[in-house]
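Notes to accompany the following structure.
Excluded from the calculations below are hydrogen atoms, water molecules and symmetry mates; all remaining heavy atoms, backbone and side chain alike, are included. Below, read A as the first sequence line, B as the second, and so on, with proteins coming before strands; counting in each chain starts at 1.
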Protein chains: 2
Amino acid sequence: MAGDVNFTLVQLRYFATAAEACSMTAAAQQLRVSQSAVSTAVSQLEHSLQVQLLIRHHAKGLSLTAAGSRFLQELKNFLAHADDLAETARGLGTRLSGELVIGCFLSLSPFLLPRLFAGLTEQHPDLRVQAIEGETEELQEALLNGQCELALMYEMDLAEPLTTEQITVAPPYVIVPPRHRFARRKGVRIAELAEDPFVLYDLPHSREYFMSLTASTGVSVQPRYRSSNYETVRSLVANGQGYSILNQRPVRDTTYDGGQVVTLPLLDPVSPLPVVLAYLRNTRLTRRAQAFAAFCRELLRSED
Amino acid sequence: MAGDVNFTLVQLRYFATAAEACSMTAAAQQLRVSQSAVSTAVSQLEHSLQVQLLIRHHAKGLSLTAAGSRFLQELKNFLAHADDLAETARGLGTRLSGELVIGCFLSLSPFLLPRLFAGLTEQHPDLRVQAIEGETEELQEALLNGQCELALMYEMDLAEPLTTEQITVAPPYVIVPPRHRFARRKGVRIAELAEDPFVLYDLPHSREYFMSLTASTGVSVQPRYRSSNYETVRSLVANGQGYSILNQRPVRDTTYDGGQVVTLPLLDPVSPLPVVLAYLRNTRLTRRAQAFAAFCRELLRSED
DNA sequence: ACCTAGGCATCAAAAAATTTGATGATGTGA
DNA sequence: TCACATCATCAAATTTTTTGATGCCTAGGT
């Protein structure tokens, strides 16, 4: 099982640097060693793996072979693993540092990220967290090419190398203006609103979800207004232009322009949209990402 | 992020060997190097990590410090990762070798393991697969202390460091003797069998599940017979001693003693038991385990 | 209390490995 | 064709690792 591994961590690091720089000379400068050190290290690595990793273009740098490219991808995880190991050992077990990039679905981010980031940087003051916000497709892309390690999004069919872990659910609810005839009710059914004008929160996947909700009750609802801006939707409702269905609830029921909306639970038996954490299956998460995931679970699991 | 890592793979391997042998001398013999080589390697590792890993008991071997113990656990994963990396690179990407230990819930194993093992060893002739069969608690224990990497079981609340991935579901069904009044039916409700004697398949968790199924229909059923042997249950039914509820279906409806049972779908809206793959969260699966998981998904996902 | 045996640390010397700087080989682009 | 940039190779220098010898420490036997 083990034992027949004779490469060294230094060789691996030199190769990774050279491969990413497409140049041994550049890599050598970056690593503050001589060019020949890089050259021999890469050769030895290739020899001990019995695989050619780089193609030498004589006057114009390097390029990766197919095998080299696959290897580099694995190698990056491995080197990150090595760094993690060192940090773990140094007893920096508690205080994390470095940078973590996560993805977050656009409409989710204002509700989740502030609390998550605040809590996380409180626990780990030296950790820099950065978010990529976007639609599901963009997040999937970012996960696949390694721009971010984790992404918070709604449950979706994702490409095979990705998995998800359900973190919480976002139950849909109705908002109506304060003067609305249902404003004092404890809850409402979609069918009861069939005659009211509908304001659609119009984002790629949310759109289909909200429309399917209204469709599932047998009522065919045509939106009177649409907006891809969450606050615009709320203001339209506050100003009596109709009702809307949303599934993230700000703490306050006041809109930007000072209006008010009333929040009503949906009485229809609808399935709430699961909020998941997506990441590359078969890949090891860094300690930073693990901490983020643990924090998501801790913070969001309880609020059913 | 990276860079401040100066230990070498050799140092790590020497330390791991010494820690597991509780002796540098023994480790040195095992590694075919001198005792002082191991001693200095460990010292250097401790120095570069700035952590004491081993306590030297002068006349009687070594023991791990708390930090050393945590580190060793991480280290084993890391060294496995290194081996994986080497194999990946050598283009042995397709042909896996070595040993894989998985766990499997007792009542599940005769239905799943033969096909999984057969398929897997066909793809990877050099891979030795071994199974630990047991109850949920035993499997959980085995996963936690690293006796197996993966376990196939029914969905359960597991200890925090474990996660699950749903692989398939096991829908419950009814078996009755061939002469039974419902034998020609297309399906049956539990309530319709309220007067019939019930044969309970009596295994720790399955027991509670089957009893809750009958309870959920409002009928209180007392089992007339119980057996923890799957084939005994089937033979009892074949011999007209009552009906039973099971959720794994052998290909043949013939029992060991030549009798016959008739399989009927349950018409009650019951929730089928999910079959999951459990493993340590936050831990990287070896390529062997990844292959097994992929094979489970491939083989079982399709059968609804 | 005093040996003794087993086990780890340490040291200088030897061996192995890595790195360097110089040089050579090879293709690119003007 | 010529300069130029890039990688490979070589011997020497340097660093790291290993070795074998030795010393120190403690548990356990007498």
Does CG in A/Asp157 sit with more than 12 non-hydrogen atoms of other residues, nucleotides or ligands closer than 6.0 Å?
no
Who pairs with [X] by side-chain hydrogen bond (donor to acceptor under 3.5 Å, both in side chains), at least two apart in sequence or on another chain?
| X | answer |
| --- | --- |
| A/Thr40 | none |
| B/Ser36 | B/Ser34 |
| B/Gln35 | none |
| B/Thr283 | B/Asn77 |

Nearest whole angstrom, please: distance from the [atom2] of [N] to the [atom1] of [X].
| X | N | atom1 | atom2 | answer |
| --- | --- | --- | --- | --- |
| B/Leu54 | C/dA9 | CG | C1' | 13 Å |
| B/His57 | C/dA9 | NE2 | P | 12 Å |
| A/Ile55 | C/dT26 | CD1 | P | 19 Å |

Which pairs with one or both residues in residues 60-79 of chain B pass ring pair (Phe, Tyr, Trp, His ring centres under 6.0 Å), sequence neighbours excluded?
A/Phe78-B/Phe78, A/His81-B/Phe78, B/Phe15-B/Phe71
What pairs meet the ring pair (Phe, Tyr, Trp, His ring centres under 6.0 Å) rule with one or both residues in residues 20-54 of chain B, with sequence neighbours excluded?
none
Heavy-atom contacts under 4.0 Å between residues 23-39 of chain A and DNA chain C, which residues?
A/Val33, A/Ser34, A/Ser36, A/Ala37
Counting only heavy atoms and a strict 4.0 angstrom limit, can you tell me which residues of residues 14-22 of chain A come near DNA chain C?
A/Tyr14
Checking A/Glu141 now: which residues fulfil salt bridge (charged side-chain N to carboxylate O under 4.0 Å, His left out) with it, not counting sequence neighbours?
none
Under the salt bridge (charged side-chain N to carboxylate O under 4.0 Å, His left out) rule, collect the residues that match up with A/Glu133, sequence neighbours excluded.
none
Just the endpoints, please: which first and last nucleotides of DNA chain D, 5' to 3', lie under 4.0 Å from a heavy atom of chain A?
D/dA5 to D/dT9
Whichever of B/Leu62 and A/Thr40 has its nearest DNA chain C nucleotide further upstream toward 5'
B/Leu62
By ring-ring contact (aromatic ring centres under 6.0 Å, His included) - contacts of B/Tyr154 (at least two apart):
B/Phe105
